[in-house]
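Numbered from 1 within each chain, the chains take letters A, B, ... in sequence-line order.
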There are 2 protein chains.
Amino acid sequence: MTRNPFQAPEVASRRGGPAKDPLSRELIVTTALTLLRREGSAGMSLRKVAAALDTGPASLYAYVENLQELQALVLDRALADVHTDAGHGQRWQRRITELLLSYREVLCATPGLAGIAMTTIAVGPNALRITETLLGHLDKGGLDRATAAWAVDLLTLYVTAVAAEHSQRDADTLGPVARAIGAVSAEEYPRIFAAREDILMGPGRVSWALDVLLKGIVQTPRGHRRRSAEHG
Amino acid sequence: MTRNPFQAPEVASRRGGPAKDPLSRELIVTTALTLLRREGSAGMSLRKVAAALDTGPASLYAYVENLQELQALVLDRALADVHTDAGHGQRWQRRITELLLSYREVLCATPGLAGIAMTTIAVGPNALRITETLLGHLDKGGLDRATAAWAVDLLTLYVTAVAAEHSQRDADTLGPVARAIGAVSAEEYPRIFAAREDILMGPGRVSWALDVLLKGIVQTPRGHRRRSAEHG
DNA sequence: ACCTGAACACCGTTCAAGT
DNA sequence: ACCTGAACACCGTTCAAGT
């Protein structure tokens with residue numbers, strides 16, 4: 001009996017008093033996101049959230065099913081910052097690109113959030129708003145519904161993965177990789193050796209990839225052109 | 001002073017005797033992969049690997065820097081099963097697709113492996129072999145080196161992400177998602193509502209996505225056509 | 001010098017005992 | 001009925017004490 005956490009009723013806390021705010025799912029999610037922003041994924045444990053709220057870890061289970069649900073709630077809360085209405089008057093491709101770059105920025109702005117997005121299937125109101133907007137743009141572009149649905153999945157999965165990959169790469173990890181690629185033997189891996197400068201890439205990779213995706217999507221329709229509305 | 005674990009010299013164990021094999025990085029990696037295959041990511045902890053080898057968790061640190069390095073070694077060991085030579089005589093696009101589907105199959109065959117691939121930057125010999133082969137196919141396709149380098153990144157990142165996403169989706173997670181998408185309000189999210197059947201997609205999604213990527217890549221060159229060999 | 005048991009500082013989750 | 005401290009079953013990593 002799992003319920004949709006975004007539709008679950010608020011549980012009113014019995015604790016009152018002036019000293020500390022009463023617990024609520026709202027407060028727990030806010031506290032968790034604050035800890036995540038401050039200390040990264042290591043900072044957002046149930047125990048640390050509970051400690052920040054001056055209670056024991058067991059108390060949170062009255063408001064949240066488990067850690068996974070808390071992560072889903074925190075993710076959707078963070079996704080509130082994604083701009084879904086930028087680029088008015090631009091071409092639909094440009095609007096999609098701007099939306100996705102905003103999504104990426106939000107994921108990268110909070111350490112550990114991209115990792116959560118990678119392991120959490122987002123179905124909160126903000127994730128739905130993003131999906132709805134992307135479907136709208138693709139519809140404007142003349143794509144049929146089936147293609148648009150898969151396109152949204154492809155686009156968001158790629159951007160999420162890029163953000164997650166990027167968030168892994170700090171100074172500790174980039175160094176060894178650069179050394180490994182730089183040390184590759186020209187005899188054994190001639191093409192990697194020849195392309196090693198290009199592989200240790202720079203900026204512009206994500207924009208290029210989004211161009212690739214959009215061009216490819218337009219040319220790979222899955223069904224028929226949409227005619228007017230529904231058809232059996 | 002991090003070293004490349006794939007080039008580090010083997011550390012010979014001092015423990016002998018007939019009762020248990022002497023420890024070695026080889027044996028540790030093999031044991032870890034076996035545990036991962038049997039019990040998933042929860043089964044591959046340093047403590048469980050040590051227990052399976054009849055020793056304490058501290059012993060492994062003579063052969064492996066930390067858990068992350070062990071994961072990288074296990075990943076590359078598993079990638080040995082990826083077929084890089086299938087599809088002789090086929091078009092280069094087909095050969096890339098077959099390679100990537102093999103890569104995906106390997107990631108999905110061992111529970112938790114895709115998650116490791118998502119958080120580990122693969123620079124082991126098998127990862128290099130895969131990259132080298134993909135660069136070769138893209139070169140056959142006439143792509144310049146810079147585009148090919150980014151294309152390899154895009155293709156492998158997408159497939160890795162799909163595998164990681166897929167491995168998250170067991171009966172426990174697919175149910176709630178289907179319910180959430182199915183319960184979406186037609187007024188608030190009309191396009192999601194209209195496309196809900198398409199969103200709860202089926203097979204063929206990855207093949208479609210690879211078509212999209214390959215078509216888009218061919219049409220989005222980053223530099224100039226390659227002429228013969230190197231040029232300053 | 002090499003190896004490792006025990007300890008340290010954490011986890012998520014459960015449950016019995018409190019109010 | 002609600003809340004939560006303590007307990008349970010784990011982690012990765014370190015280190016002092018052994019051989």
In whole angstrom, give the distance that lies between atom OH of B:Tyr61 and atom C1' of C:dC2. 18 Å
note: B:Asn66, atom CG; D:dC11, atom P; distance rounded to Å ~ 17 Å
Can you find a side chain N or O atom of A:Thr55 that sits less than 4.0 Å from OP1 or OP2 on D:dT4? yes
Single hit among A:Thr156, A:Thr160, A:Thr84 for side-chain hydrogen bond (donor to acceptor under 3.5 Å, both in side chains) with A:Tyr103: A:Thr160
Flag the pair B:Glu165 and B:Arg205 as a salt bridge only when some basic side-chain nitrogen lies within less than 4.0 angstrom of an acidic carboxylate oxygen. yes
Please report the distance, rounded to the nearest Å, between CG in A:Leu67 and C1' in D:dC10. 15 Å
Interatomic distance at P, D:dA9 relative to C:dA9, whole Å: 22 Å
Rounded to whole angstroms, how far apart are CG on A:Leu23 and C1' on D:dT4? 11 Å
Whole-Å gap separating C1' (C:dG12) and CD (A:Gln68): 12 Å
Once rounded to the nearest 0.5 Å, what's the spacing between atom OG1 of A:Thr120 and atom CG of A:Asp76? 10.5 Å
A:Tyr189 and B:Thr131: side-chain donor and acceptor closer than 3.5 Å? no
Of all of residues 29-51 of chain B, which get a heavy atom below 4.0 angstrom from DNA chain D, listed by number? B:Ser45, B:Leu46, B:Arg47, B:Lys48
Let me know the distance between CG of B:Leu53 and P of C:dC3, rounded to the nearest Å. 14 Å
Contact between A:Leu210 and A:Ser207 at the side-chain level, heavy atoms closer than 4.5 Å - yes or no? no
In the structure I gave you, are the side-chain heavy atoms of B:Glu98 and B:Leu101 within less than 4.5 Å of one another anywhere? no
Side chains of A:Val74 and A:Met44: closer than 4.5 Å at any heavy-atom pair? yes
Measure the shortest side-chain to side-chain distance between A:Leu70 and A:Tyr63 over non-hydrogen atoms and say whether it is less than 4.5 angstrom. no
Could you tell me how far apart B:Leu60 (CG) and C:dC3 (P) are, to the nearest whole angstrom? 12 Å
Canonical and wobble pairing (Watson-Crick, G-U, under 3.5 Å) of DNA chain C, dot-bracket with |: ||.|||||...|||||.||
Quick one: does any side-chain atom of B:Asp81 pair with a main-chain N or O of B:Val106 as donor and acceptor, under 3.5 Å? no
d(CD, B:Gln71; C1', D:dC11) in whole Å: 13 Å
